[in-house]
Amino acid sequence: MIKWAGWLITLCGVGHTLGALVQTIPHYAEDWFSLALWEKQNTDPIAMTHTTAAFWYTAFSFGPPLIVVGLMVLWLSRRGIAPPPFIAWSVACWTVITAVLSGPSPLLLLLIAAVLLLVGARRAARSGNTTPQVAAM
């Protein structure tokens with residue numbers, strides 16, 4: 001269950017990041033690489049250019065951190081370590097808040113991943129497999 005959750009979280013992160021890049025690169029890559037993001041921005045902290053908004057939608061979005069979280073869950077799973085429940089609760093809360101504010105999206109799959117993480121962690125705790133076995137020297 002934990003491995004499935006890790007792959008699902010990673011897939012959502014990769015899907016969001018690649019999808020956003022496919023949508024924005026044709027229009028904004030030239031601006032990004034000409035350092036347009038370094039230019040003096042509007043003094044209004046809420047207002048941003050389309051170039052800046054596209055950058056926040058891609059590289060600074062939650063896609064890359066989801067990839068890291070998913071890979072971390074997979075890394076822990078490979079070592080027989082159950083991820084702490086706060087990871088599942090964080091992913092679930094983040095998903096619910098974004099769904100309420102922006103509407104449903106494919107990222108609702110993250111709720112399935114959160115449930116898999118919570119159930120997998122509970123099963124590991126019951127069987128005593130929450131930490132890896134370390135060979136004594």
Side-chain angles (χ1 to χ4, degrees):
M1 290 187 142
I2 292 172
K3 187 183 290 187
W4 277 98
W7 280 115
L8 193 54
I9 294 168
T10 304
L11 176 69
C12 286
V14 168
H16 177 77
T17 304
L18 288 180
L21 285 170
V22 166
Q23 289 178 339
T24 58
I25 288 264
H27 306 288
Y28 299 106
E30 185 178 335
D31 290 342
W32 293 344
F33 291 113
S34 68
L35 302 179
L37 295 170
W38 284 76
E39 291 175 7
K40 184 174 175 146
Q41 298 292 320
N42 191 335
T43 57
D44 181 3
I46 306 294
M48 64 173 71
T49 66
H50 291 291
T51 300
T52 305
F55 188 71
W56 277 92
Y57 175 56
T58 56
F60 270 17
S61 72
F62 58 89
L66 279 176
I67 295 169
V68 172
V69 170
L71 293 175
M72 182 173 45
V73 167
L74 289 169
W75 184 87
L76 290 168
S77 176
R78 270 188 241 116
R79 284 155 182 75
I81 304 169
F86 75 83
I87 292 176
W89 287 113
S90 299
V91 168
C93 289
W94 194 5
T95 304
V96 168
I97 290 168
T98 57
V100 167
L101 296 176
S102 68
S105 77
L107 292 175
L108 287 172
L109 290 171
L110 291 169
L111 291 177
I112 295 170
V115 169
L116 288 172
L117 278 176
L118 289 170
V119 172
R122 182 172 295 280
R123 284 184 180 177
R126 284 186 183 158
S127 67
N129 283 341
T130 56
T131 58
Q133 301 300 323
V134 179
M137 296 187 114

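Numbers for residues simply follow the sequence, beginning at 1. Values below: every heavy atom of this structure, side chains too, minus hydrogens, waters and symmetry copies.
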Taking it one step at a time, do Thr17 and Thr58 satisfy side-chain contact (heavy atoms from CB on, under 4.5 Å)? CA-CA 6 Å; Thr17 304; Thr58 56; 5.9 Å; no

Determine, step by step, whether Leu118 and Trp89 satisfy the side-chain contact (heavy atoms from CB on, under 4.5 Å) criterion, reporting the C-alpha distance in whole Å, the side-chain angles of both residues, the deciding distance to 0.1 Å, and the verdict. CA-CA 8 Å; Leu118 289 170; Trp89 287 113; 3.5 Å; yes

Dump the intermediate steps for side-chain contact (heavy atoms from CB on, under 4.5 Å) on Leu66 and His16, then the final yes or no. CA-CA 9 Å; Leu66 279 176; His16 177 77; 5.9 Å; no

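Summarising the geometry, atom CD1 belonging to Ile81 is positioned 11.5 Å from atom CE belonging to Met72; distances are rounded to the nearest 0.5 Å. Rounded to the nearest 0.5 angstrom, Ile9 CD1 and Leu110 CG are separated by 6.5 Å. Taking CG of Leu109 as the start and CG of Leu107 as the end, the distance is 7.5 Å to the nearest 0.5 Å. How far NE2 of His50 is from CG of Asp31: 11.5 Å, rounded to the nearest 0.5 Å. How far CG of Leu76 is from CG of Leu71: 11.0 Å, rounded to the nearest 0.5 Å. Of the inter-residue distances, the one linking Leu74 atom CG with Thr10 atom OG1 reads 5.0 Å to the nearest 0.5 angstrom.
Here the side chains of Ile87 and Ser90 are not in contact, with every heavy-atom distance at 4.5 Å or above.
The environment of CH2 in Trp94 is crowded: more than 12 heavy-atom neighbours from other residues, nucleotides or ligands sit within 6.0 Å. Dense packing is recorded around CZ of Arg78, with more than 12 heavy atoms of other residues, nucleotides or ligands lying under 6.0 Å away.
Closest non-hydrogen pair, Thr24 versus Ala54, comes out as CG2-CB, 3.8 Å. Of all non-hydrogen atoms in Ala5 and Ala113, the two that sit nearest each other are CB-O, 3.4 Å. The shortest non-hydrogen separation linking Met1 to Gly120 is SD-N, 4.0 Å. Taking each heavy atom of Ala121 and Ile2 in turn, the nearest pair found is N-CD1, 4.1 Å.
Hydrophobic clustering of Ile, Leu, Val, Met, Phe, Trp and Tyr side chains at less than 4.5 Å, counting indirect connections, unites Leu21 with Phe55. One hydrophobic cluster, built from ILVMFWY side chains closer than 4.5 Å, cannot hold both Leu8 and Val73; they sit in different ones. Linking Ile, Leu, Val, Met, Phe, Trp and Tyr whenever their side-chain heavy atoms come within less than 4.5 Å leaves Val115 and Leu117 in two separate clusters. Ile112 and Val91 fall into different hydrophobic clusters, where Ile, Leu, Val, Met, Phe, Trp and Tyr residues are linked whenever their side-chain heavy atoms come under 4.5 Å apart, directly or through other members. A continuous path of hydrophobic side-chain contacts links Val96 to Leu108 [ILVMFWY only; heavy atoms under 4.5 Å].
Ring planes of Trp32 and Tyr28: parallel class, angle under 30° (limits at 30 and 60°).
With hydrogens and angles ignored, the 3.5 Å screen pairs a side-chain donor or acceptor of Ser127 with a backbone N or O of Ala124.
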